[in-house]
Amino acid sequence: MQLYNQVKRSIPYISCSSTDANSCYGLAFAEHKVKELHITTKAETHLIESANSSIRDNLVRFNRRSKRFSKSWEMLAYTLLLFFNQDQINTAVYS
């Protein structure tokens, strides 16, 4: 609900929320009397889940048990920059 309230303050004209089928969302929205339409579907959330999966897969250096773990804050920062800007980098290289 804290995240929902933050988003609602930033973007007050939200007309509906989409979540996966986890019952905790419906219960929380009902308990806090959220007025917007609440849709429970994977069709609306799969892109976010896909992005989260890509972050976990591509940023294994955040996992201490991995061989790719980096102890350098600088390398972690560079990794994040590369990951989040990879579309721009690919466009520049292949244009």
Apart from Leu27 itself, its cluster of hydrophobic side chains linked below 4.5 Å comprises none
Output all residues satisfying side chain to side chain donor-acceptor pair (under 3.5 Å) with Thr19, sequence neighbours left out; order by chain, then residue number.
-> His38
Using the side chain to side chain contact (heavy atoms under 4.5 Å, CB included) rule, take Val34 and Met1 through it: C-alpha gap first, then chi angles, then the decisive distance, then the call.
-> CA-CA 10 Å; Val34 172; Met1 287 314 301; 3.6 Å; yes
Side chain to side chain contact (heavy atoms under 4.5 Å, CB included) against [X], all qualifying residues, sequence neighbours excluded:
{"X": "Cys24", "result": "Asn22"}
{"X": "Glu74", "result": "Ser72, Tyr78"}
{"X": "Gln2", "result": "none"}

With Tyr4, which residues qualify under ring pair (Phe, Tyr, Trp, His ring centres under 6.0 Å), at least two apart?
-> Phe29
Nearest-0.5 Å distance, CG of residue Asn85 to CG of residue Leu80 = 10.0 Å
To the nearest 0.5 Å, how far apart are OG in Ser17 and CD in Glu36?
-> 6.0 Å
